[in-house]
Amino acid sequence: MDEAVALRAVYERLSARYDIDSWHWRPATPALDVCLGAILVQHTTWGNVEKALANLRAAGAFSIEALLRLPPDELAGLVRPAGLPATKAGRLQSFAGLAVAAGGLEALLSVSSPELRLRLLATPGVGPETADVILLYAAARPAVVHDAYTERLCRRLGLGPAPKSYAAWRDWQDVLLPCDVALRQRFHAAVVLHCKETCRARPRCAACPLLDLCPAGKGRMAAASI
DNA sequence: ACCCAGGGTCATA
DNA sequence: TATGACCATGGG
C-alpha cells in the first residue's frame, strides 16, 4: 500500500478514536493561548505549561502588552514551571514584540501564510515546529505540524522521507495530507493523543488501532508499541 | 539518582 | 546534512 493510503488510514483510525475536543488546542482555543502555549511547551510537558499559563493569568500578564511591560526576570519567575525560564521569558517577549510591530496579534495572524511563516521564523525562539503550530491552530491555515510523536509513529510504520530534517518531513506530509485546516488539526491532535496514551505507558498494546498497518514480521511487534 | 520531555540555537565535521 | 552541547524544571 502506498504512503498516501497508509497515512490516510492512520488519520481515519486515530481521528475516529481521539476527539479533538479532548485536545488542548481545539478550534475554539483563543489565538493568544495557542501562541504562548506553543512557545512554552518546547521541551516540556503540557501539564507544566498549564501551570505557567495560570501564573501569567494570575499576574495579569496574559496579554501582548502586559508581557512586554513585565521585567524579564519577573516574567521568568512566572514561567518557571515550564522549564528554561530565562529562555522562555525572552521568547515570549520576542513574540509579543512581533505582534505589536504588526499592529496587534489579530493583525499579525491575518497576513498571508508564507509571509506570516517567514516573520515567525525570524523571531528569536520560534523555530519551524512552533511556527507551524501557530499557523495551524492560531491562524487556522492549512499548515503541517511535524513533531517527535509523528516521526516516531511514522517510522514504526515504515513511512516517511529519507532525509531527517524537519523540512523534509513537513513537505512529505504536505503532499500526502489533504489541504484542509480542520483535517490537519485533527490529524496532528490525534497522533499526539495516541502516542501520549500508548507510547510509553502501554507498550505492545494488542488493541492498537494501527496494528494491521505495520510491516509484517518484526514490524508487527514494533507497531504494537506505537 | 537517573532519564526524559511537541524545541531552538549555536558550534562542529 | 547531521550530530552534539546547552538551556533548567517537573514528573516518572
Side-chain angles (χ1 to χ4, degrees), chain A residues 10-11 14-15 18 20 22-26 29 31 33-56 72-98 117-139 141 143-156 160-174 177 184-203 225-226:
Chain A
V10 170
Y11 166 73
L14 296 188
S15 64
Y18 301 95
I20 185 75
S22 62
W23 174 239
H24 54 260
W25 290 326
R26 55 186 66 72
T29 303
D33 294 53
V34 175
C35 296
L36 302 189
I39 290 170
L40 291 173
V41 80
Q42 294 170 178
H43 204 78
T44 351
T45 57
W46 184 252
N48 293 328
V49 173
E50 287 186 314
K51 295 173 191 167
L53 291 175
N55 286 346
L56 291 177
D73 53 331
E74 195 171 327
L75 181 54
L78 297 173
V79 163
R80 173 158 301 128
L84 314 179
T87 302
K88 287 181 177 177
R91 291 178 179 182
L92 290 181
Q93 292 193 317
S94 294
F95 177 80
L98 176 71
R117 191 166 199 276
L118 286 177
R119 290 196 202 180
L120 290 168
L121 290 177
T123 305
V126 179
E129 180 179 338
T130 305
D132 287 329
V133 165
I134 292 172
L135 280 169
L136 180 62
Y137 291 102
R141 310 301 172 81
V144 162
V145 175
H146 180 61
D147 55 32
Y149 288 134
T150 309
E151 185 159 337
R152 189 162 57 215
L153 187 151
C154 287
R155 282 286 176 240
R156 288 175 178 174
K164 298 176 182 285
S165 68
Y166 182 95
W169 276 99
R170 191 207 57 200
D171 293 346
W172 179 77
Q173 289 185 59
D174 197 45
L177 290 176
R184 291 184 170 194
Q185 289 180 343
R186 284 194 299 267
F187 176 76
H188 174 249
V191 167
V192 177
L193 287 170
H194 177 66
C195 287
K196 289 183 75 67
E197 180 180 298
T198 62
C199 270
R200 305 180 65 78
R202 279 199 275 139
S225 66
I226 288 172

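Bear in mind the structure is a predicted one, so any value in this text is a computation, not a measurement. Every chain is numbered from 1 and lettered A, B, ... according to where its sequence line falls, protein lines coming before strand lines.
Between dC7(C), dA2(C), dG8(B), one nucleotide has an atom nearer to the side chain of Thr87(A) than all others, and that is dC7(C). Ranking dG7(B), dG8(B), dA5(B) by closeness to the Tyr149(A) side chain, first place goes to dA5(B). When the nucleotides dA2(C), dT9(C), dG7(B) are ranked by their closest atom to the side chain of Lys164(A), dA2(C) comes out on top.
Shown here, dC10(B) forms a base pair with dG4(C); the pair counts as Watson-Crick or G-U wobble because both key distances fall under 3.5 Å.
As judged by a 4.0 angstrom heavy-atom cut-off over every strand, Thr150(A) is placed among residues making no nucleic acid contact. Across all strands shown, Lys51(A) has heavy atoms under 4.0 Å from sugar-phosphate atoms exclusively, and none from any base. At a threshold of 4.0 angstrom between heavy atoms, the contacts of His146(A) with the nucleic acid are absent. Contacts of Ala86(A) with the nucleic acid, taken as non-hydrogen atoms under 4.0 Å apart, involve only primed sugar atoms and P, OP1 or OP2.
Between the side chains of His24(A) and Asp33(A), no donor N or O sits under 3.5 Å from an acceptor N or O.
Annotation: of the two residues near DNA chain B, Thr123(A) and Val145(A), the 5′-most nearest-nucleotide partner is Val145(A).
To the nearest angstrom, P of dG8(B) lies 14 Å from CG of Leu92(A). Rounded to whole Å, the distance from CD on Glu50(A) to P on dT9(C) is 20 Å. One atom, CD of Gln42(A), and another, P of dA8(C), lie 13 Å apart when rounded to the nearest Å. Trp46(A) places its CH2 atom 15 Å from the C1' atom of dG7(B), with the value rounded to the nearest Å. We find that CG of Asp73(A) is positioned 16 Å from C1' of dA8(C), with the value rounded to whole Å. Residue Asn48(A) contributes atom CG, which lies 5 Å from atom C1' of dG10(C) at whole-angstrom precision. Remark: C1' of dC10(B) and CZ of Arg91(A) are 12 Å apart, rounded to the nearest angstrom. The CG-C1' distance, from Asn55(A) to dG10(C), rounds to 14 Å in whole Å.
Between Thr45(A) and the phosphate of dG11(C), there is no side-chain N or O to OP1/OP2 separation shorter than 4.0 Å. The phosphate of dG10(C) (OP1 or OP2) has no side-chain N or O of Thr44(A) nearer than 4.0 angstrom.
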Enumerate donor-acceptor pairs with a distance under 3.5 Å from any side-chain N or O in residues 79-88 of chain A to protein atoms, sequence neighbours excluded.
residue	atom	partner	partner atom	Å
Lys88(A)	NZ	Leu40(A)	O	2.6
Lys88(A)	NZ	Gln42(A)	O	2.9
Lys88(A)	NZ	Thr44(A)	OG1	2.8
Lys88(A)	NZ	Ala82(A)	O	2.9

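With respect to Glu151(A), the side-chain hydrogen bond (donor to acceptor under 3.5 Å, both in side chains) criterion is satisfied by exactly one of His146(A), Arg156(A), Lys164(A): His146(A).
Rounded to the nearest Å, the gap between the P atom of dG4(C) and that of dA5(B) is 16 Å. Look at the P atom in both dC4(B) and dA5(C): the space between them is 14 Å, to the nearest Å.
With Asn55(A) contributing its side chain and Leu78(A) its backbone, the two residues share a donor-acceptor pair below 3.5 Å. Arg119(A) places no side-chain N or O within 3.5 Å of a backbone atom of Leu98(A) that could act as its donor or acceptor partner.
The two residues Trp169(A) and Pro163(A) have their closest heavy-atom pair at NE1-O, 4.2 Å.
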